[in-house]
Amino acid sequence: MSAAKVALGRFLFYDTRLSRDGSMSCATCHRQELAFTDGNARPVGVTGDMHPRSAMSLTNVAYNVSLTWDDPGSRFLEDQLTTPIFGHDPIEMGMERSEDLLSRLRSDWLTVLAFQAAFGDAAPPSPDDPQTREGPQLITMDRVAKALAAFERTLISGDSAFDRYLYQGQTDALSTSERRGMQLFFSHRLACSDCHQGFNFSGPFHFEGSRDHEPVFHNTGLYNLPSESGLGGYPPDNPGLRRHTGRKEDTGRFRAPTLRNIAVTAPYMHDGSIPTLDEVLDHYAAGGRTLTDGSYAGVGAQNPFKNERVRGFQLTDTERRDLLAFLHALTDESFLSDPRFGPPDP
Ligand code: HEC
Ligand code: HEC
């Protein structure tokens, strides 16, 4: 990682030339002020395809052991990003061939300069000979990926009221209500922190020098549809981990996403099917969501594949307010407005 690579990655993250018709960049679905989500239940790609899953927050994404909602095999940012750019199922940015993207980038002098600064050999390019000594080798898909990933790894959030309270010793950073909510969050009764673990309130995480962790996925009882062998089904476009393993008991298992900046990333869950945090608490309090009508009607609490930690609980009105207040205290305003993460200067 170098400053020049990060600068190039930021430039590319906001660059609509990465989409077929120039209408979409990474930032279309990953907006900084929404902790790099898009505010929609499911995003729509350049050709009108609707993605089955919700755009994920990129908060502290560098630390995730696995990427995306349900894929245990997606481990590297450099590999993940080819899915939105070139993927067909669904079509997101809709590029057909990497050569099309690369020739767009190669034909622009400023882009050549930025690649030169990040990756180039010693000979600076000139407007008369913009390809440099490296020629087409200066701008490759591998380098596009490396730069984007370098930028993504800088998206670090650690300055919420909770962080100031816990890690910076500011005892008054959390109100009494937020502190009570924190206790509830970490309590055995609610068990939130059993799955939303560690500094990122997410699944297992890794860092330089840490040992290898296996990715973890849970079924929280969001659905319970009739399936080929009794109950336990999820909507057909989102079988969860089962999509990758083919195992029936992996139905409905998804990664526990980070809860940092959760107040700004509505709507919630892998398919954006819960509009508010208050309703997320209803889902957990009931030990799984009940849908009374529509094609997905069912009693999630009775899903046979549900994780046993989602067992339901009762909250008084004050407790509910406290827990919500705590979740709001995970918002890091500086992350949401830091100009280093915003669009590059024109
Ligand atoms: C059309 C909207 C859309 C665009 C454009 C888009 N993404 Fe995403 N992004 C998503 C969705 C949806 C997911 C969840 C995918 C899944 O679970 O299958 C996601 C997931 C991710 C993740 C995984 C995060 C995690 O915590 O596991 C990363 C990283 C990411 N996107 C980076 C990018 C980058 C880099 C670009 C630009 C090259 C990009 N995205 C463009 C919608 C989009
Ligand atoms: C068994 C593990 C588990 C427990 C216990 C658990 N969660 Fe979750 N949480 C998950 C998983 C997995 C998801 C994603 C599920 C999905 O989309 O189907 C999730 C999603 C969420 C989301 C939505 C995140 C987003 O970005 O859309 C919120 C908010 C949340 N949980 C809060 C809580 C709170 C508060 C508690 C305690 C009352 C809790 N969770 C307990 C595993 C768990």
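Worth knowing before you read on, the calculation uses all heavy atoms, side chains too, and leaves out hydrogens, waters and symmetry mates. Note that ligands are numbered from 1 as they come in the structure, with each ligand's atoms numbered from 1 the same way.
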Nearest protein heavy atom with distance in Å, relative to [atom]:
atom: atom 7 (N) of ligand 1; value: His30 NE2, 2.9 Å
atom: atom 42 (C) of ligand 1; value: Glu92 OE1, 3.5 Å
atom: atom 41 (C) of ligand 1; value: Pro84 CB, 3.4 Å
atom: atom 23 (C) of ligand 1; value: Thr68 N, 3.8 Å
atom: atom 29 (C) of ligand 1; value: Glu152 OE1, 3.1 Å
atom: atom 28 (C) of ligand 1; value: Gln80 OE1, 3.3 Å

(request) Answer with side chain, backbone, both or neither: which part of Ile85 has a heavy atom less than 4.0 angstrom from an atom of ligand 1? (result)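 Only the side chain of Ile85 comes within reach of ligand 1.
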
(request) Could you tell me whether Asp70 approaches ligand 1 through its side chain, its backbone, both or neither, with non-hydrogen atoms closer than 4.0 Å? (result) neither

(message) Using heavy-atom distances only, which candidate in Met269, His270, His283, Arg53 approaches atom 22 (C) of ligand 2 most closely?
(response)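 Minimum heavy-atom distance to atom 22 (C) of ligand 2 goes to Met269.
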
(message) Heavy atoms only: which of Cys26, Ser25, Cys29 lies closest to atom 4 (C) of ligand 1?
(response) Cys29

(request) Give the atoms of ligand 2, by number and element, whose distance to some non-hydrogen atom of Arg255 is under 4.0 Å. (result)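 Answer, ordered by atom number: 12 (C), 14 (C).
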
(request) State the atoms of ligand 2, each with its element, that fall below the 4.0 Å cut-off from a heavy-atom position in Ala191. (result) 5 (C)

(message) Using a 3.5 Å cut-off on N or O atoms only, is Ser66 in polar contact with ligand 1?
(response) no

(message) Any atom of ligand 2 sitting under 4.0 Å from a heavy atom of Phe217?
(response)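 So Phe217 does not count as touching ligand 2.
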
(message) Can you tell me which portion of Asp271 lies within the under-4.0 Å heavy-atom range of ligand 2? Options are side chain, backbone, both, or neither.
(response) neither

(message) Using a cut-off of 2.8 Å, how many protein N, O or S atoms sit around atom 8 (Fe) of ligand 2?
(response) 2

